[in-house]
Amino acid sequence: MKNFKRYLITSALPYANGPIHIGHLAGVYVPSDIYTRYLRMKGVDVISICGSDEHGVPITLKARKEGVSPQEIVDRYHSLNKKAFEDFGIAFNIYSRTSNKVHYETASEFFLNLYKKGEFTEKTSEQYFDEEAGCFLADRYIMGTCPYCGNENAYGDQCEKCGTSLSPNDLINPHSTISGSKPVLRETLHWYLPLDKYEGWLKKWILKDHKEWKVNVYGQCKSWLDQGLQPRAVSRDLDWGVPVPVEGAKGKVLYVWFDAPIGYISATKELTPDWEKYWKDPETKMIHFIGKDNIVFHCIIFPAMLKAEGSFILPENVPANEFLNLENEKISTSRNWAVWLHEYLEDFPGKQDVLRYALCSNAPETKDNDFTWKDFQARNNNELVAILGNFVNRTFVLTNNYYNGEVPERGITDENDNVVLAEMSRIKENVETSLEAFRFREAIKEAMNLARLGNKYLADSEPWKVIKTDPERVKTIMNIALQITTNLTIIFEPFLPFSMNKLRAWLNCDQLKWSDAGRTNLLMPGHIINKSELLFEKIEDEEIDNQINKLLATKKANEATSAKTAPSKDIVSFDDFTKIDIRTATILEAEKVPKTTKLLKLKIDTGLDIRTIVSGIAEYFEPEAIIGKQISIVANLEPRKIKGIESKGMILMAEDMDGKLVIVSPAEKVGNGSIIK
RNA sequence: GGCGAGAUAGCUCAGUUGGUUAGAGCGCAUGAUUCAUAAUCAUGAGGUCCGGGGAUCAUUCCCCCGUCUCGCUACCA
């Protein structure tokens with residue numbers, strides 16, 4: 001096992017188009033913070049790097065929507081998130097941002113280095129250009145009619161109505177969202193990083209040399225490498241981002257995936273003039289904390305960039321977590337389905353550690369997990385309050401009652417005492433092993449065992465009884481209880497820094513080193529401890545109900561807005577309306593179109609004829625289940641070839657907010673071909 | 001559609017390089033206890049280890065076929 005001199009910890013740069021939520025915390029920032037704090041307590045040289053990722057198309061879109069500049073958007077979320085992290089006790093050495101000067105310089109320089117070394121390939125391709133606005137259009141800036149569902153507001157990369165992924169060329173009647181004009185195809189030059197060139201090297205580096213990586217991480221890398229890597233464009237036609245620093249690249253910026261990871265480097269530069277020792281000395285151990293959606297970037301693409309540059313070290317490990325759900329549903333920024341960190345801090349002042357504890361205990365380390373407010377409450381009331389807080393409180397009350405806060409002398413210890421004393425260092429080692437292996441759930445559980453040990457020790461030795469018969473013996477018992485309490489301040493420090501800070505103040509003791517954990521003489525006889533308060537408070541049902549109601553309100557609001565989102569269409573004349581031939585029909589046969597996810601091929605009886613209609617409903621209906629159903633169709637729609645099958649007509653569906661489809665059929669059975677009017 | 005990961009007690013998760021009674025925490029039940037925020041301690045009940053096949057003396061664990069969840073990917077329509 002290689003011995004490292006220092007650590008470089010990076011945490012995924014949060015995207016500055018929204019606030020931080022519990023999903024980010026559980027997946028990335030809480031584990032990274034625990035790990036960093038642990039290393040600091042060990043006294044090793046470690047820095048923790050993070051910052052806002054502020055480029056990319058979604059930010060420009062949000063800015064446009066709100067009628068402000070992209071800079072205003074990123075300023076807003078950068079300061080919001082930076083403060084929230086600080087208040088939550090995520091102890092980054094620096095929380096930087098990719099819109100600052102150091103980053104522009106660093107990213108340009110990085111690009112130029114590769115450029116000069118000839119690491120890029122250049123390629124021209126045709127892309128849509130807006131002649132009125134005078135710029136190329138990102139896929140998201142192009143709207144048009146979806147060729148599959150007819151939605152007139154489909155984006156160039158995706159139709160949000162039917163969920164289909166599109167390319168801008170698929171759109172019927174494409175128009176620019178900037179000027180509204182019809183875009184034209186124009187040639188544009190881009191630079192590509194030939195990932196294929198690094199395939200062999202990556203295979204060895206990951207598949208052979210890093211078999212210890214988490215199975216989800218390793219598996220996904222293997223899948224990518226087995227499929228073969230393709231060159232990837234590193235530039236885009238956009239005006240928001242780091243300009244491509246070569247001649248003739250006006251209007252081109254570094255693509256955000258290339259730009260963002262360099263943010264780790266520029267943040268380090270901003271932090272210390274010594275940055276190179278963290279990034280270039282092979283005796284530095286670099287760890288990337290990320291979520292599972294980022295695996296490919298951090299395990300394949302960024303390492304390839306670093307390798308291509310040549311002078312940088314590579315990550316030793318990338319402990320990516322899975323995702324956290326909230327009350328059984330996916331967390332979603334756009335749907336406001338989240339517990340936002342800045343709101344939590346307002347709603348639960350002084351309770352940072354409770355959330356840290358709940359998220360760490362239930363971190364999505366091996367699979368997606370669910371956060372519920374009930375679980376949060378239970379973790380607090382049954383574990384933090386009942387086990388940890390209670391033990392601490394018992395020890396303080398007894399010590400203050402019996403000895404006025406003076407730590408008593410430890411006399412002769414009995415067998416049980418010795419077992420308990422020895423157990424402390426065993427727990428320390430267990431926590432250590434778990435942390436080193438990035439098993440944070442296991443680590444925090446083991447830490448809690450120290451408090452359990454304390455409770456059990458008091459229950460077994462019953463000082464409140466013994467005090468009546470053998471006061472000398474009680475001194476030994478309480479000395480041991482106090483040593484356990486002091487050990488708690490070390491063991492729990494990485495997990496619950498706020499509470500341990502309080503506890504140290506009550507114990508009247510300084511912050512100790514990790515290596516002190518397990519020692520049985522941390523508080524010397526005669527040392528005076530202070531009065532204590534409650535380490536944790538119970539959380540009542542009312543507070544939890546408030547939070548749950550808040551979420552229910554969000555749900556309602558979402559339903560209401562989605563009802564509003566379908567704006568009414570233009571008035572049509574009665575004549576126009578009558579042109580549409582809507583009538584009833586019955587499904588005779590239904591089968592899935594092979595090699596598609598959404599398409600069903602239906603044979604229907606329209607009363608006029610038997611015909612074939614292809615419909616994108618396979619995700620919601622089993623073919624067998626809809627055979628015999630009476631439906632409504634548009635019978636005179638222009639036929640269209642879909643997947644090589646001629647589709648004659650369209651089936652009418654009602655679509656709810658989640659995209660769920662429901663068949664529109666007559667309330668009672670009527671003859672096929674009955675006109676709907 | 002391709003690929004990756006997951007599916008184990010009411011909940012959140014361990015685990016088994018295949019081997020007699022599958023574990024932990026929380027919840028639940030019962031008992032003990034009162035120093036402690038009804039907090040603690042002990043004991044106990046709870047499981048077709050996603051479904052179906054197969055190989056094996058034996059499998060929750062291996063192989064095959066499915067189902068569900070999540071992620072990545074694909075000019076899938």
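Throughout, protein chains are lettered first and strands after them, A, B, ... in sequence-line order, and every chain is numbered starting at 1.
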Separation of atom CG in A:Asp368 from atom C1' in B:rC72, rounded to whole Å: 13 Å
Salt bridge present between A:Arg473 and A:Asp417 (N-O < 4.0 angstrom): yes
B:rA22 pairs with, by Watson-Crick or G-U criteria that keep both distances under 3.5 Å: none
Base partner of B:rA32, which must satisfy Watson-Crick or wobble distances under 3.5 Å: B:rU40
Test: A:Lys502 and A:Glu533 ion pair at under 4.0 Å: no
Residue-phosphate contact under 4.0 Å: A:Thr366 side-chain N/O, B:rA7 OP1/OP2: no
A:Asn449 and A:Glu446 side chains, donor-acceptor separation under 3.5 Å: yes
Counter-base of B:rG51, judged by Watson-Crick or G-U geometry with both distances under 3.5 Å: B:rC65
A:Lys222, NZ atom: more than 12 neighbouring heavy atoms under 6.0 Å: no
Value in whole Å for how far the P atom of B:rU12 lies from CG of A:Asn321: 17 Å
Using the 3.5 Å cut-off, write out each protein N or O paired with an N or O of nucleotides 36-39 of chain B and the distance between them.
| from | atom 1 | to | atom 2 | distance (Å) |
| --- | --- | --- | --- | --- |
| B:rA36 | O3' | A:Asn393 | OD1 | 3.2 |
| B:rA36 | O2' | A:Asn390 | OD1 | 2.8 |
| B:rA36 | O2' | A:Asn393 | OD1 | 3.2 |
| B:rA36 | N1 | A:Arg394 | NH2 | 3.4 |
| B:rA36 | N3 | A:Asn390 | OD1 | 3.4 |
| B:rA36 | N3 | A:Asn390 | ND2 | 3.3 |
| B:rA36 | N3 | A:Arg394 | NE | 2.9 |
| B:rU37 | N3 | A:Phe536 | O | 2.6 |
| B:rU37 | O4 | A:Phe536 | N | 3.3 |
| B:rU37 | O4 | A:Phe536 | O | 2.7 |
| B:rA39 | OP1 | A:Lys538 | NZ | 2.3 |
| B:rA39 | O3' | A:Ala386 | O | 3.4 |
| B:rA39 | O2' | A:Ala386 | O | 3.0 |
| B:rA39 | O2' | A:Asn390 | OD1 | 3.2 |
| B:rA39 | O2' | A:Asn390 | ND2 | 2.3 |

Touch class at under 4.0 angstrom, heavy-atom based, for A:Arg439 against every strand present: nothing
Between C1' of B:rA42 and CZ of A:Arg452, the distance in whole Å: 15 Å
B:rC57 versus B:rC3 - spacing of their C1' atoms, nearest Å: 38 Å
Whole-angstrom distance between B:rG15 and B:rG25, as gauged at atom C1': 15 Å
Nearest-angstrom distance, C1' atom, B:rA5 to B:rC50: 16 Å
Lys/Arg cation over aromatic A:Phe438: A:Lys214, 6.0 Å, 45° cone: no
Rounded distance (Å) that lies between atom P of B:rC35 and atom NZ of A:Lys465: 10 Å
Heavy atoms from other residues, nucleotides or ligands near NZ of A:Lys374 exceed 12 (cutoff 6.0 Å): yes
Whole-Å gap separating C1' (B:rC68) and CG (A:Asn325): 14 Å
P gap between B:rG51 and B:rC11, integer Å: 15 Å
Heavy-atom side-chain contact between A:Ile491 and A:Met424 under 4.5 Å: no
5' precedence on RNA chain B between A:Asn294 and A:Ala363 (nearest-nucleotide basis): A:Ala363
N or O in side chain of A:Lys330 less than 4.0 angstrom from B:rG71 OP1/OP2: yes
Whole-Å C1' distance, B:rG47 and B:rG23: 11 Å
Distance between P atoms of B:rG1 and B:rU16 (Å, rounded): 33 Å
Check: A:Arg452/A:Asn455 side-chain N/O donor and acceptor closer than 3.5 Å: no
Closest nucleotide among B:rG71, B:rA24, B:rA5 to the A:Lys292 side chain: B:rG71
Side-chain donor-acceptor contact under 3.5 Å, A:Asn317 with A:His210: no
Interatomic distance, A:Tyr218 OH vs B:rC72 C1' [rounded to whole Å]: 18 Å
Under-4.0 Å side-chain N/O to phosphate OP1/OP2 contact, A:Arg441 with B:rC26: no
Complement of B:rG46, any strand, by Watson-Crick or G-U distances under 3.5 angstrom: none
Between B:rG46 and B:rA9 - C1' atom distance, rounded Å: 6 Å
B:rG4 pairs with, by Watson-Crick or G-U criteria that keep both distances under 3.5 Å: B:rC70
Syn or anti conformation of B:rG54, syn meaning chi within 90° of 0: anti
Pairwise P distance for B:rU17 and B:rC76, with rounding to whole Å: 44 Å
Partner nucleotide of B:rC75 by Watson-Crick or wobble geometry (both distances under 3.5 Å): none
Between B:rC72 (P) and A:Trp224 (CH2): distance, integer Å: 11 Å
Rounded distance (Å) that lies between atom C1' of B:rA5 and atom NZ of A:Lys367: 12 Å
Touch class at under 4.0 angstrom, heavy-atom based, for A:Lys374 against every strand present: nothing
Touch class at under 4.0 angstrom, heavy-atom based, for A:Glu383 against every strand present: sugar-phosphate
Any A:Lys456 side-chain N or O less than 4.0 Å from OP1/OP2 of B:rA42: yes
Test applied, side chain to side chain contact (heavy atoms under 4.5 Å, CB included); reference residue, A:Leu384; option that passes from A:Leu496, A:Leu535, A:Asn390: A:Leu496
